[in-house]
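In what follows, a single structure is set out as structure tokens and then discussed.
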Protein chains: 2
Amino acid sequence: MISRPTITQLASQLGVAPSTVSRAFTRPDLLRPDTVDRVLAAAKAVGYVPNNNARALSTGRAGAIGLIVPDIANPFFPPLIRAAQNHASAAGLSVFLADSDEDAEREERLIIAMAPQVEGLLVVSSRLPSTRLRELAGRYRLALINRDVAGTFRVLLDATSAIRAALNHLKELGHTRIAYVGGPERSWSNRQRRGAVEVTARQLGLHFTSYGVPPGTYEAAKALSRTVVGKGATGVIAFDDVLAHGLMGGFAEERIDVPGDVSIIGCDDALATQTFPALSTISFNVADATSAAIHGLTEHPSDATLPTARITFDGTLVLRGTTGPAREYSAFRK
Amino acid sequence: MISRPTITQLASQLGVAPSTVSRAFTRPDLLRPDTVDRVLAAAKAVGYVPNNNARALSTGRAGAIGLIVPDIANPFFPPLIRAAQNHASAAGLSVFLADSDEDAEREERLIIAMAPQVEGLLVVSSRLPSTRLRELAGRYRLALINRDVAGTFRVLLDATSAIRAALNHLKELGHTRIAYVGGPERSWSNRQRRGAVEVTARQLGLHFTSYGVPPGTYEAAKALSRTVVGKGATGVIAFDDVLAHGLMGGFAEERIDVPGDVSIIGCDDALATQTFPALSTISFNVADATSAAIHGLTEHPSDATLPTARITFDGTLVLRGTTGPAREYSAFRK
DNA sequence: TTGAAAGCGCTAACAA
DNA sequence: TTGTTAGCGCTTTCAA
């Protein structure tokens, strides 16, 4: 932030009032078109850029939103972050990004520190307890993504129907033993997905087993792969593509063929086709969901909190190369 | 940004002057310790948080830095982004993140829009022409990462020595035909790495071929894999881990064994061990490099531009599972 | 050690 | 359609 032309300098140089310059930028409709042109041209010539801080101070509107994610390195988040930036900048807002590092306390500190400085906060895949989150949403302008807390403004990527489609697909291929490999326990998506797999499996008469990979990492999933298949599951649904990929890595090492020996379906469609074989998965329209959340954040800018809302987006099953006919358990047992 | 207690309110509530409250936060050394305590306690009680915008306006210091990356979804950047945030927040700064989407014009617009609002800009892997970059660095406070423009403040991850080690390693394994698979043409790292491979190959008497994957994506690299190996290369160095992984994906589809048929070494160590076999690569201390850049950005906050500097960090060759003894070319030719 | 007061650059009544 | 003016919340001289 080095010194630069101010609105007053530009105004006196043009022989107009500061407010005229201001209006040329914020309410050009109030000015004669040629005045606007004159001001804008002069602004460009001297390199005048409005000072956001002064503007924010004057209007009481921060001109920015905050975005908190648990782990920027997880491939699910970058597209979301990019979508958030695009939508925010279309609304004339910049975005402060922060990473909670999967740490609930850090997440709360971030919320408290950032909230007063921004128009509102997009909190994605929160790791905070629901009661805390509800409290915070009662004090600050929070829009949650992938966290279903009653009384808050939340946008949810709902995998239920896609999971039903996935299990139907596996059943048709002859799979009878299904495993779910879950991720972070604090993740709402994880609990939702596990629940959906369990319920659907029961409805379809499929044997269901659940595993957990609390750190949610590729490595941890890989380490679990032998166990999963050793217990006889031939169809596995993973919490997300990272875990699915980790399982595939483990299977590859064990010479367990995908999809010959075991079928696997991920979630989030975050790895595109960067696995071999290409991963079947559940895809969401993250951009639309993010857009909805940003809408909520920007809609009634002067309210202290966001209205209660529950907006859901369904996922779609995307079949690629990791599902195939079931093989008999014993046929590849080691 | 909802209404919240101001310094004036807090002051009158405490029966002190606003400046006293201000000093309790910014220059506690000027106050009697018990005054400081009293103010801080009251601030905490009423939930007072300093208004960054007002502070920025008053001091002329933005309290934030900007960070521009070409593609947040590329796994090289998230760790860097996280490092930037950690170092910035340690210096009391927040960070505005922006993604140029590999687009030079968009990158320039971002620089011009953000620069006036922040203490300085961290521009990573710029896609702008050097002349533009030099101009911008002469006008704004820019710290470049992975872009070597004379006269600017730049921090470089230098792969040269690690590439030398890599080729020596391949040569010892009996490889004689080396290919480099490059990424974005605008990338300095790409040009540097290609040059290092070429020079070293010549010195070691190895046959060298260069390929390019301008989009720099997994998909594009995968599509190139057959060509690379068809021309007889048995050792390949990829611009980055994403391309290396893409090549591996292509090889897997073609039933070309890694490292049995072809050895491959990536760069950036961005995929950890998320490939099968685990990828040999060149690793950099991104956190230190980022720290150096942020140091530069925060050192002389009132100067209009950063001093000229060229700070380099060498990479390290990390051998994992994708390199092995060379096989005769004809042995696996299709 | 603390207070009073001016001013950072901008916006938004209100007036003209 | 444009100008005047009073702050927004904070920091920072200067004075006490």
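By convention in this document, chain letters (A, B, ...) are assigned in the order of the sequence lines, proteins followed by strands, and residues within each chain are numbered from 1.
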For [X] and [N], what is the distance between atoms [atom1] and [atom2] respectively, to the nearest whole Å?
{"X": "Asn53(A)", "N": "dG7(D)", "atom1": "CG", "atom2": "P", "value": "22 Å"}
{"X": "Phe25(B)", "N": "dG9(D)", "atom1": "CZ", "atom2": "C1'", "value": "13 Å"}
{"X": "Arg23(A)", "N": "dC10(C)", "atom1": "CZ", "atom2": "P", "value": "15 Å"}
{"X": "Leu30(B)", "N": "dG3(C)", "atom1": "CG", "atom2": "P", "value": "13 Å"}
{"X": "Leu31(B)", "N": "dG3(C)", "atom1": "CG", "atom2": "C1'", "value": "11 Å"}
{"X": "Arg27(B)", "N": "dC10(D)", "atom1": "CZ", "atom2": "P", "value": "18 Å"}
{"X": "Leu10(A)", "N": "dC10(C)", "atom1": "CG", "atom2": "P", "value": "9 Å"}
{"X": "Arg61(B)", "N": "dG9(D)", "atom1": "CZ", "atom2": "P", "value": "23 Å"}

- Considering all heavy atoms, the nearest Phe96(A)-Val95(B) contact: CD2-O, 3.5 Å
- N/O donor-acceptor pair under 3.5 Å between Arg82(B) side chain and Asp101(A) backbone: no
Look at the side chain of [X] and decide which nucleotide, out of [options], has an atom nearest to it.
{"X": "Arg32(B)", "options": "dG3(D), dT11(C), dT2(C)", "answer": "dT2(C)"}
{"X": "Ile7(B)", "options": "dC8(D), dT11(D), dT4(D)", "answer": "dT11(D)"}
{"X": "Ala54(A)", "options": "dT2(C), dC8(D), dC10(C)", "answer": "dC10(C)"}
{"X": "Ser58(B)", "options": "dG7(C), dT1(C), dG7(D)", "answer": "dG7(C)"}

N or O in side chain of [X] less than 4.0 angstrom from [N] OP1/OP2:
{"X": "Thr20(A)", "N": "dT2(D)", "value": "no"}
{"X": "Arg55(B)", "N": "dT11(D)", "value": "yes"}
{"X": "Thr6(B)", "N": "dC8(D)", "value": "no"}

- Mind checking Tyr48(B) for me? I need base, sugar-phosphate or nothing, with any heavy atom below 4.0 Å counting as a touch. sugar-phosphate
- Task: Looking at every strand, decide which applies to Val16(B) at a 4.0 Å heavy-atom threshold: base, sugar-phosphate, or nothing.
- Result: sugar-phosphate
- Message: What I want to check is whether an N or O donor and acceptor connect the side chain of Ser19(A) with the base of dT4(D) at under 3.5 Å.
- Response: yes
- Task: Please confirm whether any donor atom in the side chain of Arg4(A) sits under 3.5 Å from an acceptor in the base of dG9(C), or the reverse.
- Result: no
- Please test Arg141(A) against Glu119(A) for salt bridge (Lys or Arg N to Asp or Glu O under 4.0 Å), starting from the C-alpha separation and ending with a verdict. CA-CA 7 Å; Arg141(A) 295 174 54 83; Glu119(A) 312 260 318; over 6 Å; no
- Note on the structure: Which of Leu144(B), Leu133(B), Leu142(B) passes side chain to side chain contact (heavy atoms under 4.5 Å, CB included) with Thr152(B)? It is Leu144(B)
- Would you please test Arg310(B) and Asp148(B) for salt bridge (Lys or Arg N to Asp or Glu O under 4.0 Å) and show each step? CA-CA 8 Å; Arg310(B) 187 178 192 276; Asp148(B) 192 12; 2.8 Å; yes
